[in-house]
Amino acid sequence: MSETPTRPVTAVILVAAGSGQRLGYGIPKAAVPLGGEPILMHALRGIVASGTGSQVCVALPPGEDTLRRLCEDFRQELADGGPLLSIVDGGATRADSVRAGMAALMEGIEAVLVHDAARALTPESVFHRVTDALAAGAAAVIPAVAVVDTVKTVAATSGKDASLAPEVVTGTAPREELRAVQTPQGFHLETLLKAHEAARSLDQKSSAAVTDDAMLVEMLGIPVHVVRGSTQSLKITTPLDLIFAEGLLEGPLGARWVEG
């Protein structure tokens with residue numbers, strides 16, 4: 001009978017420094033209300049409920065006192081048990097915020113989950129699938145779901161075709177090979193540190209093209225493994241996303257216990 005792999009000592013970096021301009025509230029995205037509470041609080045409670053992190057490091061917009069106070073209050077709730085809650089100022093980019101989070105990790109952390117506060121309703125089971133894969137030996141793990149739409153590559157039209165439409169199809173991606181990537185993304189800490197160090201040498205264009213930490217790891221040639229994500233893990237970016245998230249919260253079972 002095989003032994004269950006031991007999970008590495010893990011921290012969660014919660015990226016919550018987004019401006020939220022597309023939501024139209026005029027406040028940081030993490031502060032936008034969802035079901036009567038800020039998005040940030042749903043994300044924090046989901047992380048703690050999953051039990052996957054010994055430390056949770058929240059990257060907030062610099063100078064955002066309201067969110068900082070929310071985190072301080074939540075820290076008091078955790079005083080009798082739960083992970084260490086740390087707060088850092090996020091950077092100008094997502095990568096900067098992740099690096100700020102890594103710089104605040106306590107000694108002994110072996111693995112890191114990087115999670116977006118905008119995916120505030122991610123089920124606990126997704127956290128467990130990622131950490132289980134890390135425990136089994138994967139250096140990098142991402143949750144993902146199958147793409148249901150047909151996806152095409154396009155190019156800008158030119159000359160006389162520009163009067164017909166702004167773009168023209170150049171190809172159709174094989175849908176069965178495509179996945180929509182979510183968070184939390186899990187990494188051995190050494191792997192993530194090495195990936196971010198290598199990213200410092202990227203030029204501005206290449207750096208802007210990097211949309212998640214897994215891409216940085218891919219650039220090192222390290223395999224990134226994929227586990228099943230969840231349709232509940234929608235990213236709250238637009239007003240329509242917020243409506244969907246509200247609907248999930250009001251559902252008969254609640255978002256965190258319904259797998260998509």
Side-chain angles (χ1 to χ4, degrees), residues 8 10-23 28-31 39-40 43-44 47 52-53 55-64 67-68 71 85-106 109-120 122 126-127 130-131 134 138-144 179-226 229 233-237:
T10 303
V12 182
I13 296 175
L14 182 62
V15 182
S19 65
Q21 290 181 350
R22 281 179 284 181
L23 282 174
K29 183 190 294 185
I39 286 173
L40 176 64
L44 281 172
I47 292 169
T52 51
Q55 179 183 9
V56 179
C57 188
V58 188
L60 297 177
E64 222 307 307
L67 290 176
R68 185 173 288 270
C71 288
L85 182 63
S86 306
I87 306 166
V88 299
D89 286 339
T93 67
R94 187 179 187 280
D96 289 337
S97 294
V98 173
R99 283 192 279 270
M102 287 194 290
L105 297 181
M106 62 185 184
I109 294 297
E110 301 170 307
V112 178
L113 304 185
V114 181
H115 190 41
D116 291 336
R119 296 190 188 275
T122 298
V126 177
F127 285 87
V130 172
T131 53
L134 289 173
V141 188
I142 59 175
R179 297 292 181 269
V181 177
Q182 303 174 334
T183 66
Q185 297 187 353
F187 309 92
H188 285 176
L189 178 56
E190 183 180 345
T191 297
L192 190 58
L193 287 169
K194 188 184 300 183
H196 273 269
E197 184 58 35
R200 294 182 186 276
S201 64
L202 296 176
D203 58 34
Q204 188 173 1
K205 182 178 179 181
S206 299
S207 183
V210 175
T211 55
D212 69 355
D213 295 274
M215 286 183 68
L216 297 179
V217 174
E218 291 167 44
M219 290 176 183
L220 296 180
I222 296 173
V224 177
H225 292 82
V226 182
S233 301
L234 79 164
K235 188 174 184 180
I236 303 171
T237 303

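Only a predicted model underlies this, so the values are computations on that prediction, with no experimental measurement involved.
In this structure, CD1 in I13 is found 8.5 Å from CD in Q55, a value given to the nearest 0.5 Å. The CG atom of L216 sits 9.0 Å away from the OG1 atom of T211 when rounded to the nearest 0.5 Å. Atom-to-atom distance recorded for D212:CG and Q185:CD is 4.0 Å, nearest 0.5 angstrom. With values rounded to the nearest 0.5 angstrom, L14 atom CG is found 11.0 Å from L113 atom CG. Note: I142 CD1 to H225 NE2 = 11.0 Å, rounded to the nearest 0.5 Å. Once rounded to the nearest 0.5 Å, the distance linking CD1 of I236 with CD1 of I39 reads 4.0 Å.
For E110, the CD atom sits in a packed shell: over 12 heavy atoms of surrounding residues, nucleotides or ligands are nearer than 6.0 Å.
Within the 4.5 Å cutoff, the side chain of L44 has heavy atoms near those of the C71 side chain. A heavy-atom distance below 4.5 Å is found between the side chains of L40 and V58. Proximity of M219 to L202: side-chain heavy atoms (C-beta onward) are separated by under 4.5 Å at one or more points. Using a 4.5 Å cut-off on side-chain heavy atoms (C-beta onward), L192 and V114 make contact. The side-chain heavy atoms of H188 and L134, taken from C-beta on, include a pair separated by under 4.5 Å. Between L67 and P28 the shortest side-chain heavy-atom distance falls below 4.5 Å. With contacts defined as side-chain heavy-atom distances shorter than 4.5 Å, the pair V210/R94 does not qualify. Contact check for K235 versus T183: no side-chain heavy atoms found under the 4.5 Å cut-off.
For residues 96-106, every residue pair satisfying the salt bridge (charged side-chain N to carboxylate O under 4.0 Å, His left out) rule, not counting sequence neighbours, is listed here: D96-R99.
Evaluation of the salt bridge (Lys or Arg N to Asp or Glu O under 4.0 Å) rule for R68 yields D89 as partners, not counting sequence neighbours. For A104, the side chain to side chain contact (heavy atoms under 4.5 Å, CB included) partners two or more places apart in sequence, or in a different chain, are C57, V88.
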| request: Could you check K29 against T237 for side chain to side chain contact (heavy atoms under 4.5 Å, CB included), going step by step and ending with a plain yes or no? | output: CA-CA 8 Å; K29 183 190 294 185; T237 303; 4.0 Å; yes
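For the side chain to side chain contact (heavy atoms under 4.5 Å, CB included) test with H115, the passing option among V12, V130, V56, T52 is V12; the others fail. Looking at T191, V98, V217 one by one, the single match for side chain to side chain contact (heavy atoms under 4.5 Å, CB included) with H196 turns out to be V98.
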